[in-house]
Asks: 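Would you mind keeping the following structure in view while I ask a few things?
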2 protein chains.
Amino acid sequence: MKTDKQDAPVNLLDVAREAGVSRATASLVLRNSPLVAAATRERVQQVMQRLGYIYNRGAANLRQNRTNTIGLVLSNISNPFFSTLTAGVEEANDASEIVCFIADSAESPERQARQIQRLREHNIDGLILCPAVGSDERVIADLDRLGLPFVQVLREIPGCARDYVTVDYAAGIDEAMAHLVTAGRRRIVFIGNFSTHSAARARLEGFNRAAARLGLPSLPVIAGGRDNRYDEAALDEILASSEPPEAAICYNDIIALAVMGHLRRRAIGVGSDFSVIGMDDLSSASASYPALTTIATMPHRVGEAAARLLQKRISRPAKRSEQLVITPRLIVRESA
Amino acid sequence: MKTDKQDAPVNLLDVAREAGVSRATASLVLRNSPLVAAATRERVQQVMQRLGYIYNRGAANLRQNRTNTIGLVLSNISNPFFSTLTAGVEEANDASEIVCFIADSAESPERQARQIQRLREHNIDGLILCPAVGSDERVIADLDRLGLPFVQVLREIPGCARDYVTVDYAAGIDEAMAHLVTAGRRRIVFIGNFSTHSAARARLEGFNRAAARLGLPSLPVIAGGRDNRYDEAALDEILASSEPPEAAICYNDIIALAVMGHLRRRAIGVGSDFSVIGMDDLSSASASYPALTTIATMPHRVGEAAARLLQKRISRPAKRSEQLVITPRLIVRESA
DNA sequence: CTGTTAGCGCCTTCAC
DNA sequence: GTGAAGGCGCTAACAG
């Protein structure tokens, strides 16, 4: 015969009775209010400990209209970039006793809408969102209608100047291009552009502008596809042309690693004959051979920044919106 | 002047009044009860739509003692293996209207305890846990005391036969070893063992047993370290010995990729002179050059299975505990 | 099939 | 400093 378990979870009234105080006093102890005498506090805390009391935030939320939860809705949580971003969010939250719901829109605006709705029903205090490809202003309008604080990460729904954390892709690509030119490369190709979200556009535009500024010949962009694919045939074609590229900047590290493998199968020396630069600096970038030169976009930092910005927004709903831009850094290894 | 916004969120009573029914009826509509007439349901739903009503699950939870939330506490969420597992959990949850809190224990039992406590305060219905290295039975005892349903994934706290989803590492390693022996390799080394959690033990034991069964010479294990490091010096030493290994089975893909890079720097032909086999089949395994032969441990499936098992446990708290073992599969590519 | 009543566990206000 | 009362939004139990 065990002791009483979940038959009746101990609540604040039980604690109060046992400690010989009122519910209100026990509640104050719970929230570390200075209004309660040290001795009383001590006694109540001991009772809580002894009875195995668990603070029922659900009940508190109902009263306070604040849940200390946020939502994190990403377009693809199994992507290592996003999982590191998630870790950053976590870290910032851990400090502030916030707990985080996670959802994966899998790039589907409909699924994303469902998930936001669901989180909304759970009364999240705020939302960090990387909008699925194809999301439009209605998402933002919805959030506004509900008065739900949110910050966008990496991608931005066009035409809404709101809280936003992103990476200065153009700056990273500038640095990478400069590095390539210094090494004597001039025919540089961009590989793997696919989606038309703001982060993808920023990369391609950054590439084109840098190429123009440096007076480099313009080569066709090698298209990308779903799930970090790219058009291998197009790459082969351009490699076989009379003026083949000498270097590539890739949409991300995953594509860069695939490109490296492809080049080496074609017996093209990566780093010597041909330079490859990736983007993100995933852990697999440093482990590859040759080690991948890449533009570190610091997902952990992006996540932390987004979580902190959201906290600010939640505490000051009317404050001016803020755009945070994380500056990436070129990590030179062996591939370029 | 905007219309009324969050000044007073519309609640079920508002809906009921507007639709000319009672709160109870509106509540039944909300939960798709068959007890309500089709016409009434229709009318109420339209009102909900029109008023922008949002179901307040927090309030419902208070009443029902069920929140439709679960917790997912992992030892390292930025590890691609775990992020894919998370996607699997998500997918299973999405179907059942469950929403998922995520937490990263970062291999710290103390942090893990804090996070579980926090989730508990939010009244999660159940927990999926990959225990941090160093967790002991107290974690389980705690969960039991609270009557919180849980399932462990991948790692198991010793001596507690409870709901558990894992991978049959030994079977995977058997298959890999057989593959190597068929290819004529006999001196096989295991690289990168580090932690002493059950999943790490299972791999090493599987390796040793397979080696014994196949009558292979026994070589020293190359130790691993935090963050997927391994002892490079020890590998060099054994490579320089009079009877160097001809193949390696690595603790996971991340280590395998690093080992491949190291070998190629030493001008050892991976796939030809020396075979390398990884574990997990991360996306970077197929993108590497040479493409990594690896034991696919199917994290997505593990996640889905864990989520479903947890659902079963939640709906039948007293049912016998269940151990699910996912059988991995050797994916033969170029490195072995 | 629909309405009434009585809380779920907590926090806030206001007395004392 | 502490106690008593009321209510957050919802649902369970029952009455009609």
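Numbered from 1 within each chain, the chains take letters A, B, ... in sequence-line order.
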Asks: Apply side-chain hydrogen bond (donor to acceptor under 3.5 Å, both in side chains) to A/Arg138 and list each qualifying residue two or more places apart in sequence or on a separate chain.
Replies: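 Only A/Asp136 meet the side-chain hydrogen bond (donor to acceptor under 3.5 Å, both in side chains) criterion with A/Arg138.
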Asks: So, the side chain of B/Arg313 versus the backbone of B/Lys319: is there a donor-acceptor pair under 3.5 Å, distance only?
Replies: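 Yes, the answer is positive, given that a donor and an acceptor are paired below the 3.5 Å cut-off.
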Asks: In residues 49-60 of chain A, what residues come within less than 4.0 Å of DNA chain C, judged by heavy atoms?
Replies: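 Residues of residues 49-60 of chain A under 4.0 Å from DNA chain C: A/Tyr53, A/Tyr55, A/Asn56, A/Ala59, A/Ala60.
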Asks: Enter the distance from A/Leu310:CG to A/Leu127:CG here, rounded to the nearest 0.5 Å.
Replies: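 Reported to 0.5 Å precision, the distance equals 7.5 Å.
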Asks: Going by side-chain contact (heavy atoms from CB on, under 4.5 Å), name the residues that satisfy it together with A/Ile157, two or more places apart in sequence or in a different chain.
Replies: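 A/Pro131, A/Ser135, A/Val139, A/Ile140, A/Gln152, A/Cys160.
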Asks: Side chain to side chain donor-acceptor pair (under 3.5 Å): which pairs involve residues 42-51 of chain B, sequence neighbours left out?
Replies: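 Non-adjacent pairs meeting side chain to side chain donor-acceptor pair (under 3.5 Å): B/Glu18-B/Arg50.
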Asks: Whole angstrom is fine here: how far is it from CG in B/Leu35 over to P in C/dT4?
Replies: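 Atom CG in B/Leu35 sits about 17 Å away from atom P in C/dT4.
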Asks: Between the side chain of B/Gln323 and the main-chain N/O of B/Val165, is any donor-acceptor distance below 3.5 Å?
Replies: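 The answer is no, because no donor-acceptor pair under 3.5 Å joins these two groups.
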Asks: Table please: side-chain donor-acceptor pairs of residues 54-62 of chain A below 3.5 Å, with sequence neighbours left out.
Replies:
| unit_1 | atom_1 | unit_2 | atom_2 | d |
| --- | --- | --- | --- | --- |
| A/Asn56 | OD1 | A/Gly58 | N | 3.0 |
| A/Asn56 | OD1 | A/Ala59 | N | 3.1 |
| A/Asn56 | OD1 | B/Asn123 | ND2 | 2.9 |
| A/Arg57 | NE | B/Glu121 | OE1 | 2.7 |
| A/Arg57 | NH2 | A/Glu97 | OE1 | 3.4 |
| A/Arg57 | NH2 | B/Glu121 | OE1 | 2.8 |
| A/Asn61 | ND2 | A/Arg57 | O | 2.9 |

Asks: Show the distances under 3.5 angstrom between N or O atoms of the protein and N or O atoms of nucleotides 12-16 of chain C.
Replies:
| unit_1 | atom_1 | unit_2 | atom_2 | d |
| --- | --- | --- | --- | --- |
| C/dT12 | OP2 | A/Arg31 | NH1 | 2.6 |

Asks: Report the end-to-end axis angle of the helix from C/dC1-D/dG16 to C/dC16-D/dG1; each axis comes from five terminal pairs, and the value is rounded to 10°.
Replies: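 So the angle between the two local helix axes works out to 30°.
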Asks: Earliest and latest nucleotide of DNA chain D, 5' to 3', sitting under 4.0 Å from a non-hydrogen atom of chain A?
Replies: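 Counting from the 5' end, contacts occupy D/dG1 to D/dG9.
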Asks: Atom CG of A/Leu13 and atom C1' of C/dG7: how far apart are they, to the nearest Å?
Replies: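 Between C1' of C/dG7 and CG of A/Leu13: 14 Å.
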Asks: Classify the nucleic acid contact of A/Leu12 as base, sugar-phosphate or nothing, counting any heavy atom under 4.0 Å across all strands shown.
Replies: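 Result for A/Leu12 = sugar-phosphate.
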Asks: Do A/Glu107 and A/Arg155 sit within salt-bridge range, that is, some charged N less than 4.0 Å from a carboxylate O?
Replies: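 Judged by the 4.0 Å cut-off on N to carboxylate O distance, A/Glu107 and A/Arg155 do form a salt bridge.
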Asks: Whole angstroms only, please: what is the CG-P distance between B/Asn65 and C/dG7?
Replies: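 So the CG-P distance, B/Asn65 to C/dG7, works out to 16 Å.
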Asks: Give me each pair satisfying side chain to side chain donor-acceptor pair (under 3.5 Å) with a member in residues 25-34 of chain B, each pair once, sequence neighbours excluded.
Replies: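 Every side chain to side chain donor-acceptor pair (under 3.5 Å) pair that includes a residue of residues 25-34 of chain B, provided the two are not neighbours, is B/Ser22-B/Thr25, B/Ser27-B/Arg31.
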Asks: Run the side-chain hydrogen bond (donor to acceptor under 3.5 Å, both in side chains) test against B/Glu90 and tell me which residues pass, sequence neighbours left out.
Replies: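 B/Glu90: no side-chain hydrogen bond (donor to acceptor under 3.5 Å, both in side chains) contacts found.
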Asks: Given that B/Leu62 and B/Gly20 both sit by DNA chain C, which one's nearest nucleotide is further toward the 5' end?
Replies: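 On the 5' side of the pair lies B/Gly20.
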Asks: May I ask you to evaluate whether B/Thr25 reaches the phosphate of C/dG3, defined as a side-chain N or O under 4.0 Å from OP1 or OP2?
Replies: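 For C/dG3, OP1 or OP2 has a side-chain N or O of B/Thr25 closer than 4.0 Å.
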Asks: Scan side-chain atoms only and decide if B/Thr67 and B/Asp125 contain a donor-acceptor pair under the 3.5 Å cut-off.
Replies: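 Yes, because at least one side-chain N or O of B/Thr67 sits under 3.5 Å from a partner of the opposite role on B/Asp125.
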Asks: According to the ring pair (Phe, Tyr, Trp, His ring centres under 6.0 Å) rule, which pairs have a member within residues 84-138 of chain B, sequence neighbours left out?
Replies: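 Non-adjacent pairs meeting ring pair (Phe, Tyr, Trp, His ring centres under 6.0 Å): A/Phe101-B/Phe101, B/Phe101-B/His122.
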Asks: Could I get the full list of side-chain hydrogen bond (donor to acceptor under 3.5 Å, both in side chains) partners for B/Ser78, not counting sequence neighbours?
Replies: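 Testing B/Ser78 for side-chain hydrogen bond (donor to acceptor under 3.5 Å, both in side chains), a comparison that skips the adjacent residues, returns B/Asn76.
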Asks: In whole Å, what is the span from the CZ atom of B/Arg41 to the C1' atom of C/dC1?
Replies: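 It works out to 11 Å between those atoms.
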